[in-house]
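All remarks here apply to the structure that follows.
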Amino acid sequence: MSRLEALPPYLFSALDEAKHRRMATGARVLDLGIGDPDLPTPEPVVEAMHRALDDPRHHRYPPQKGAADLRRVIASYMAERYGVDVDPQTQVLVLIGSKEGLGHLPLAHVHEGDNVLVPDLGYPVYAQATLLAGGIPRAFALRPEDGFLPRVAELAELVDERTRLVFLNYPHNPTGAVADDGFWKRCVAAVRGTGAVLVNDAAYLEVTLDGSRPVSMLAAADLETDRVIELHSLSKMFNMTGWRIGFAVGNAAVVGALGRVKESMDSGAFGAVQETAAFALGPRRDELLAQVMGAYARRRQVMTSALTAGGYEVFPSGATFYVWVRVPGSEAAAAFCARALEEIGVVLTPGTGFGPGGEGWFRISLTAGDEDVAAAAALLEGWS
Ligand SMILES: Cc1ncc(COP(=O)(O)O)c(C=O)c1O
């Protein structure tokens with residue numbers, strides 16, 4: 001079997017087809033399926049891009065590891081916001097979105113037949129990128145009774161001499177679970193000295209809607225000696241999913257290895273986008289973030305109040321723009337979501353789209369307009 005053939009089928013295709021069939025009939029569809037911000041990138045960021053476009057330096061290939069200026073801004077951001085000191089020269093790498101980094105990371109570490117630990121449930125890219133690199137994804141459980149954090153002792157037992165990477169993702173898609181410093185310290189200690197690289201996919205680190213302060217995994221590690229890397233993204237921070245910009249920070253050898261893979265794969269993110277990213281992460285960052293997150297916080301409130309009133313069990317979370325909800329009764333998640341589309345025209349994502357551990361749950365994305373979120377909330381409240 002080729003590596004491509006080893007990739008699992010796209011689990012959402014059946015639901016996608018059903019959605020399009022319903023739309024073709026002219027019936028109303030409220031799509032709370034995909035996690036792609038509906039609101040535009042904040043105007044000051046777009047204006048910065050307009051300015052950057054006029055600079056002919058950006059019309060040429062960008063610097064391979066990312067613009068020096070952006071890497072300096074990223075280092076200041078990590079220090080100010082997370083108390084993490086990184087060397088912009090060796091410990092920061094600009095990515096074409098965090099997915100690009102996640103996709104390339106196994107190529108830097110995995111030999112044919114090596115193990116990679118991936119969460120069940122989780123973003124499918126960790127396992128898919130592992131398979132494409134010839135590795136074997138080994139799932140570890142995330143359980144509701146543990147707040148969807150892995151049991152660190154279990155994780156430690158799974159790491160063996162052929163384990164190259166351990167993927168974690170906090171704040172977590174799809175559950176919204178959050179990790180604190182104590183959890184990270186235990187994880188870093190469990191993987192320390194094993195030869196495996198501990199990865200945190202931090203795409204949602206700034207999507208905190210309850211005013212709590214996000215915690216970076218790197219604050220719990222010694223970047224000189226621990227083989228750790230964290231992947232960040234501007235996509236969800238500033239409604240910039242289409243711009244394709246993110247960055248990796250961590251241990252210099254691990255970051256450097258990813259950079260070497262990228263040298264053979266791409267020539268970096270568009271320079272004007274990098275200059276704009278430096279603007280967004282710069283002095284106006286907090287004001288821009290507050291503007292973006294305010295909309296999701298309001299929507300989460302509307303949705304969770306309606307669901308609670310409707311008798312649903314909502315996983316308590318103030319992070320990510322997802323709401324994670326238990327399927328009422330004993331219906332399978334896929335059947336429940338298919339029925340939601342058919343009976344009330346609301347697109348939901350079955351938890352099983354993120355692995356078998358998602359059975360019995362569904363995900364609501366708050367990246368639709370305020371009116372659609374409120375309409376879907378009202379429909380769900382009076383249904384099921
Ligand atoms: C958990 C997680 N990680 C990474 C990404 C990729 O984000 P991007 O490549 O836009 O930075 C996504 C996108 O939805 C995601 O949900």
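Both ligands and their constituent atoms are indexed starting at 1 by order of listing.
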Derivation and outcome, salt bridge (Lys or Arg N to Asp or Glu O under 4.0 Å), residues R22 and E17: CA-CA 9 Å; R22 187 178 164 95; E17 279 165 26; over 6 Å; no
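- Close approach to K99 involves these atoms of ligand 1, each under 4.0 Å from a residue heavy atom: 6 (C), 8 (P), 9 (O).
- A distance of 6.5 Å separates CG in L348 from CG in L32, rounded to the nearest 0.5 Å.
- Numbered from 1 in the order shown, with element, the atoms of ligand 1 that lie under 4.0 Å from a heavy atom of R244 read 8 (P), 9 (O), 10 (O).
- Judged by distance alone, the side chains of Y170 and D201 never bring a donor and an acceptor atom under 3.5 Å apart.
- Where the criterion is an N or O separation shorter than 3.5 Å, residue side chain and backbone included, S233 meets it with respect to ligand 1.
- For ligand 1, none of its N or O atoms has an N or O atom of N169 under 3.5 Å away.
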Test side-chain contact (heavy atoms from CB on, under 4.5 Å) applied to F183 and V152, step by step: CA-CA 8 Å; F183 169 81; V152 177; 4.0 Å; yes
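- Distance alone, capped at 3.5 Å, places no donor-acceptor pair between the D31 side chain and the V347 backbone.
- Atoms of ligand 1 lying under 4.0 Å from any heavy atom of S235, numbered from 1 in the order shown and given with element: 8 (P), 10 (O), 11 (O).
- Annotation: atom 7 (O) of ligand 1 to nearest protein heavy atom, S98 OG, 3.3 Å.
- Set against the non-hydrogen atoms of A203, the atoms of ligand 1 under 4.0 Å away are 3 (N), 4 (C).
- With a 6.0 Å radius and a threshold of 12 heavy atoms from other residues, nucleotides or ligands, K65 has its NZ atom above the threshold.
- Using a 4.0 Å cut-off to heavy atoms of Y204, the atoms of ligand 1 that qualify are 1 (C), 2 (C), 14 (O), 15 (C), 16 (O).
- Note on L95 and L165: same hydrophobic cluster, where clusters join Ile, Leu, Val, Met, Phe, Trp and Tyr whose side-chain heavy atoms are under 4.5 Å apart, directly or indirectly.
- Set against the non-hydrogen atoms of G97, the atoms of ligand 1 under 4.0 Å away are 9 (O), 11 (O).
- Among protein heavy atoms, the minimum distance from atom 1 (C) of ligand 1 is reached at D201 OD2, 3.2 Å.
- For the atom pair NE2 (H104) and CG (L231), the distance works out to 12.0 Å, reported to the nearest 0.5 Å.
- Contact between T241 and ligand 1 is absent, with no heavy atom of the residue lying under 4.0 Å from the ligand.
- Taking the centre of each ring, F148 and W361 come in below the 6.0 Å mark.
- Using a non-hydrogen distance threshold of 4.0 Å, E100 does not register as a contact of ligand 1.
- With respect to atom 14 (O) of ligand 1, the closest heavy atom belonging to the protein is K236 NZ, 2.7 Å.
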